[in-house]
Amino acid sequence: MNKSFYTRDSLIVARELLGKEIVYKDKEALIVETEAYTTNDPGSHAYKKRTKRNSVMYEEGGRLYVYLCYGMYNLMNIVTDKKGVPSAVLIRAVEPLNFEAKTNGPGLLTKALGISREHNGLEIGKEFMIKKGIKPRVVVQTTRVGLSRGSELPYRFYIKDNPYISRK
DNA sequence: TCAATGATTGAG
DNA sequence: TCAATCATTGAG
């Protein structure tokens, strides 16, 4: 993907990431579910202020933001928008193409791909790449999952009827 | 320092 | 419905 793909509003990027192909080392997977996190979003890590953890969200789009949640799961985000604008897109689920693994949840897909906090801030386009994949038939936009604040915002996108989307 | 908590998951 | 489990955060 071109760098200008990432430097747009996270809602647009979240929508357009669906159906794209992740290539990391020898693994390939299609993105089937995403969530957008924007400025002035009560559910975003960067809602209140900049901290050591969320500082990569303030960088220019086209990087990874990875952090540990609940003490056991690495969640992977793609940083979006221009430098100084804290926003990102959480990758919630992918469809594995050339391997077998459970990937129907944000903590599971990072485990399956081998993504961890060491990848925080990594530039997309080297070891970790995103390529043009398929064109999703039907995209659903709905409310987000698992948040205590800001859960009412319809910032979640997924490919309709895909068996790999999260949430039971 | 220290206690609270969370963009989750799998088991009961 | 609940516990596992720990980096990050904000208060003391």
Side-chain angles (χ1 to χ4, degrees), chain A residues 6 8-20 22 24 27 29-81 84-96 99-122 124 128 130 136 139-160 162-168:
Chain A
Y6 305 104
R8 296 176 296 165
D9 191 283
S10 60
L11 286 171
I12 298 171
V13 180
R15 168 71 176 72
E16 296 194 8
L17 274 175
L18 294 177
K20 293 288 183 294
I22 290 178
Y24 176 64
K27 301 229 175 64
L30 289 182
I31 299 173
V32 298
E33 183 179 352
T34 61
E35 279 182 10
Y37 289 86
T38 68
T39 39
N40 298 325
D41 174 357
S44 169
H45 285 165
Y47 177 53
K48 284 185 193 284
K49 62 182 183 183
R50 181 170 184 153
T51 65
K52 196 172 182 180
R53 178 177 62 169
N54 66 32
S55 63
V56 63
M57 291 180 77
Y58 288 78
E59 291 300 317
E60 189 173 40
R63 289 167 177 275
L64 296 186
Y65 169 43
V66 187
Y67 85 102
L68 187 68
C69 187
Y70 297 114
M72 27 172 66
Y73 297 106
N74 293 299
L75 303 205
M76 179 176 70
N77 299 247
I78 291 173
V79 178
T80 61
D81 220 312
V85 182
S87 63
V89 175
L90 171 69
I91 308 302
R92 286 196 59 85
V94 300
E95 174 180 340
F99 62 99
E100 290 289 329
K102 285 195 72 172
T103 57
N104 56 319
L108 297 175
L109 74 92
T110 53
K111 193 176 162 193
L113 287 173
I115 301 292
S116 69
R117 285 191 335 292
E118 298 148 34
H119 300 77
N120 190 36
L122 185 74
I124 297 170
F128 185 100
I130 294 183
V139 172
V140 179
Q141 177 172 5
T142 181
T143 53
R144 293 180 296 188
V145 173
L147 300 183
S148 55
R149 293 184 298 272
S151 57
E152 73 286 357
L153 295 170
Y155 288 177
R156 177 175 174 229
F157 300 86
Y158 63 89
I159 298 178
K160 187 174 165 57
N162 188 290
Y164 294 93
I165 61 175
S166 67
R167 216 59 181 180
K168 315 137 199 183

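Lettering of chains follows the sequences in order, A, B, ..., and the numbering in each one begins at 1. Computed from a predicted structure; not experimentally measured.
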Atom pair OG1 (Thr103(A)) and CZ (Arg92(A)), whose distance is rounded to the nearest 0.5 Å: 12.5 Å
Within this structure, what is the OG1-OH distance for the pair Thr38(A) and Tyr155(A), rounded to the nearest 0.5 Å? 4.5 Å
Grab the OH-C1' distance between Tyr73(A) and dC6(C) for me, whole Å please. 13 Å
How many whole angstroms separate atom OH of Tyr70(A) from atom P of dT8(C)? 16 Å
For Glu152(A) and Thr143(A), test the side chains for any donor-to-acceptor distance below 3.5 angstrom and give the result as yes or no. no
Can you tell whether the side chains of Arg144(A) and Asp41(A) come within less than 4.0 Å, N to carboxylate O? yes
Taking side chain as C-beta onward, heavy atoms only, is Leu113(A) less than 4.5 Å from Phe99(A)? yes
Sugar-phosphate only, base, or nothing, as touched by Gly107(A) at under 4.0 Å among non-hydrogen atoms: sugar-phosphate
Roughly how far, to the nearest 0.5 Å, is CG of Leu17(A) from CD1 of Ile78(A)? 5.0 Å
Write down the protein N/O and nucleotide N/O pairs, taken from nucleotides 9-12 of chain C, whose separation is under 3.5 Å; answer none if there are no such pairs.
{"from": "dT9(C)", "atom 1": "OP1", "to": "Thr51(A)", "atom 2": "OG1", "distance (Å)": "2.3"}

Tell me the interatomic distance from Asn120(A), atom CG, to dA7(C), atom C1', rounded to whole angstroms. 12 Å
What nucleotide among dT9(B), dC6(C), dA4(C) has an atom nearest to a side-chain atom of Arg167(A)? dT9(B)
When the nearest nucleotide of DNA chain B is assigned to Ser148(A) and to Asn104(A) on a heavy-atom basis, which residue is associated with the more 5' position? Ser148(A)
Whole angstrom value for the distance that separates P of dT9(B) from CG of Leu90(A): 10 Å
Rounded to the Å, how far apart are Leu147(A) CG and dT8(B) P? 7 Å
Please determine if Arg8(A) and Glu16(A) form a salt bridge, counting it only when a charged side-chain N lies under 4.0 Å from a carboxylate O. yes
dC2(B) and dT5(C): how far apart are their P atoms, nearest whole angstrom? 22 Å
Length of the CG-P vector between Leu68(A) and dT8(C), whole Å: 8 Å
Honestly, is Arg15(A) close enough over Phe157(A), meaning NZ or CZ under 6.0 Å from the six-membered ring centre and within 45° of the axis? no
Is NZ or CZ of Arg53(A) both nearer than 6.0 Å to the six-membered ring centre of Tyr67(A) and within 45° of the ring axis? yes
note: Arg156(A), atom CZ; dT8(B), atom C1'; distance rounded to Å ~ 13 Å
Base, sugar-phosphate alone, or nothing: which one does Arg144(A) contact when heavy atoms must sit under 4.0 Å apart? nothing
At under 4.0 Å between heavy atoms, what does Tyr155(A) touch on the DNA or RNA strands: base, sugar-phosphate, or nothing? nothing
If one requires at least 3 consecutive Watson-Crick or G-U pairs with distances under 3.5 Å, the stems of DNA chain C turn out to be B:1-6 with C:6-11, B:8-11 with C:1-4
Quick one: Arg50(A) CZ to dT8(C) P, roughly how many Å, whole number? 16 Å
